[in-house]
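Contents: one structure, followed by commentary.
To find a chain, count down the sequence lines: A is the first, B the second, and so on, and within it residues start at 1.
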Protein chains: 2
Amino acid sequence: MLDNDQCPDCKRINEVLSRVGDRWSVLIVISLAQYGTLRFNEIKRNLGISQRMLSRTLKELERDGLVKRTYHPTIPPKVEYNLTEMGQSFREPVSALGYWALDNLSKIDAARETYDNSAEQ
Amino acid sequence: MLDNDQCPDCKRINEVLSRVGDRWSVLIVISLAQYGTLRFNEIKRNLGISQRMLSRTLKELERDGLVKRTYHPTIPPKVEYNLTEMGQSFREPVSALGYWALDNLSKIDAARETYDNSAEQ
DNA sequence: CAGTATCCTACTTGATACTG
DNA sequence: CAGTATCAAGTAGGATACTG
């Protein structure tokens with residue numbers, strides 16, 4: 001995956017990760033993968049994300065082709081979000097990351113404590 | 001993985017991802033996974049990362065127990081970095097993400113173009 | 001070589017208020 | 001309900017200069 005000397009692939013990986021690799025994108029994809037279809041405020045409540053960031057992130061995910069937005073012009077309006085095919089495929093590596101995170105949080109905490117204790121002597 | 005109502009696991013995943021999920025951490029782990037052991041300036045050249053960010057990120061990764069730092073007190077000094085066991089285990093989900101990124105970059109670009117074209121009418 | 005220290009800019013994120 | 005607009009604060013990240 002990597003080449004020597006400035007590693008062009010790293011640049012491209014970097015590019016993609018900077019688009020869809022941020023925490024909110026990851027968490028939104030995980031949520032949608034779990035529930036199938038969610039409304040705007042359902043995601044908001046679920047993740048504890050601010051309205052602004054949810055709006056922005058969903059728009060980016062839609063633009064990148066990972067999320068499909070369906071607008072129902074009722075009163076009050078109803079908007080549903082779900083994953084596209086590419087979004088589904090993104091779910092796999094993302095879930096792997098999520099599970100790793102859950103599995104290793106306590107280990108990381110322990111490592112931090114050890115490090116901090118030895119650092120302060 | 002997710003629970004309804006404020007999703008406590010999301011908070012924890014969020015926590016871990018905010019620690020080890022940033023681009024530089026990911027790219028450093030990928031590099032070390034690829035090459036086994038690297039010196040400070042080898043990583044720097046390889047990734048095109050600034051000295052400051054590399055130093056900071058490596059220190060964080062060491063603190064979190066993902067990277068082991070070995071200092072050889074020679075002149076000039078020589079410092080080698082490699083992955084710990086936990087770092088190795090992190091490699092798997094990270095690689096999956098990297099490969100997905102490479103596989104889907106062009107699709108994302110295409111989706112963006114479509115989106116932008118339909119948006120401008 | 002492998003860093004640390006300082007400065008500076010740009011982007012990210014949240015809080016708050018408002019709208020169709 | 002599902003957003004947008006605006007403001008304020010923090011953080012990421014690079015450039016540069018210096019050190020053991």
Side-chain angles (χ1 to χ4, degrees), chain A residues 6-7 10-11 13-28 31-32 35 37-64 67-82 115 119, chain B residues 5-7 10-11 13-29 31-32 35 37-64 67-82 115 119:
Chain A
Q6 284 294 51
C7 163
C10 276
K11 292 224 173 82
I13 292 176
N14 209 332
E15 252 185 274
V16 178
L17 293 185
S18 66
R19 296 182 192 179
V20 295
D22 68 282
R23 293 203 305 296
W24 290 130
S25 296
V26 165
L27 290 175
I28 290 171
S31 291
L32 289 175
Y35 292 105
T37 296
L38 289 172
R39 300 179 64 175
F40 186 87
N41 276 313
E42 286 176 331
I43 305 177
K44 184 170 180 297
R45 274 192 300 275
N46 211 334
L47 299 183
I49 184 177
S50 71
Q51 218 165 18
R52 176 185 144 83
M53 287 312 297
L54 180 56
S55 174
R56 280 183 45 143
T57 309
L58 279 173
K59 206 181 282 183
E60 278 299 303
L61 288 173
E62 190 195 354
R63 184 177 178 228
D64 289 343
V67 161
K68 177 153 171 277
R69 176 181 183 273
T70 309
Y71 176 68
H72 303 279
T74 53
I75 296 178
K78 176 177 177 177
V79 180
E80 292 182 317
Y81 293 93
N82 52 44
Y115 182 94
Chain B
D5 191 48
Q6 281 296 52
C7 163
C10 276
K11 291 225 173 82
I13 293 175
N14 208 333
E15 253 185 272
V16 178
L17 293 184
S18 66
R19 296 182 191 181
V20 295
D22 67 282
R23 291 205 303 296
W24 290 130
S25 296
V26 165
L27 291 175
I28 289 171
V29 168
S31 291
L32 289 175
Y35 292 105
T37 296
L38 288 172
R39 300 178 64 174
F40 186 88
N41 276 312
E42 288 177 331
I43 304 177
K44 185 170 178 298
R45 275 192 300 277
N46 210 334
L47 299 183
I49 183 177
S50 71
Q51 218 164 18
R52 175 184 144 85
M53 286 313 295
L54 180 55
S55 175
R56 278 182 46 143
T57 309
L58 279 173
K59 204 181 281 182
E60 277 300 303
L61 287 173
E62 190 196 355
R63 185 177 177 230
D64 288 344
V67 161
K68 177 152 170 279
R69 177 182 183 272
T70 309
Y71 175 67
H72 302 279
T74 54
I75 296 177
K78 177 176 176 178
V79 180
E80 291 181 319
Y81 292 93
N82 52 43
Y115 182 94

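Distances from the side chain of V79(B) to the nucleotides dC1(D), dG3(D), dG3(C) place dG3(C) closest.
F40(A) has its CZ atom 11 Å from the P atom of dC1(D), to the nearest Å. Atom CG in L54(A) sits roughly 13 Å away from atom C1' in dT13(C) (whole-Å rounding). Between K59(A) atom NZ and dT4(D) atom C1' the separation is 8 Å, expressed in whole Å. When rounded to the nearest whole Å, the span between OH of Y71(B) and P of dA2(C) equals 10 Å. Distance CZ (R45(A)) to P (dA2(D)): 8 Å, rounded to an integer number of Å. Rounded to a whole Å, the CD1 atom of I75(A) is 15 Å from the C1' atom of dG3(D). Rounded to an integer number of Å, the gap from L61(A) CG to dG3(D) C1' is 16 Å.
Not one side-chain nitrogen or oxygen of K44(B) sits closer than 4.0 Å to the OP1 or OP2 atom of dG3(C). Close to dC1(C), at under 4.0 Å from its OP1 or OP2, lies no side-chain N or O of Y81(B).
When the side-chain hydrogen bond (donor to acceptor under 3.5 Å, both in side chains) test is applied to Q51(A), no partner is found at least two apart in sequence or on another chain. Every side-chain contact (heavy atoms from CB on, under 4.5 Å) that V16(B) has, sequence neighbours left out, goes to W100(A), A101(A), L105(A), I108(A), V20(B). Looking at residues two or more places apart in sequence or on another chain, you find a side-chain contact (heavy atoms from CB on, under 4.5 Å) between R23(A) and N14(B), L17(B), S18(B). Not a single salt bridge (Lys or Arg N to Asp or Glu O under 4.0 Å) links E62(B) to another residue, sequence neighbours left out. Under the rule for a side-chain contact (heavy atoms from CB on, under 4.5 Å), the partners of K78(B) that lie at least two apart in sequence or sit in another chain are R39(B), H72(B), T74(B), E80(B). Residues passing the side-chain contact (heavy atoms from CB on, under 4.5 Å) test with S50(B), sequence neighbours excluded: R52(B), M53(B).
Summary for the helix from dC1(C)-dG20(D) to dG20(C)-dC1(D): the axes at its two ends, each from 5 pairs, differ by 50° when rounded to the nearest 10 degrees.
Residues L54(B) and F40(B) come closest through the heavy atom pair CD2-O, 3.3 Å.
When each of L32(B), L61(B), N82(B), T37(B) is checked for a side-chain contact (heavy atoms from CB on, under 4.5 Å) with K68(B), only N82(B) meets the rule.
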Base contacts versus sugar-phosphate-only contacts with protein, heavy atoms under 4.0 Å: please encode nucleotides 11-20 of chain D as B, S and - from 5' to 3'.
-SBBB-B--B

Could you please spell out the steps behind the side-chain contact (heavy atoms from CB on, under 4.5 Å) verdict for I28(A) and Y81(A)?
CA-CA 10 Å; I28(A) 290 171; Y81(A) 293 93; over 6 Å; no

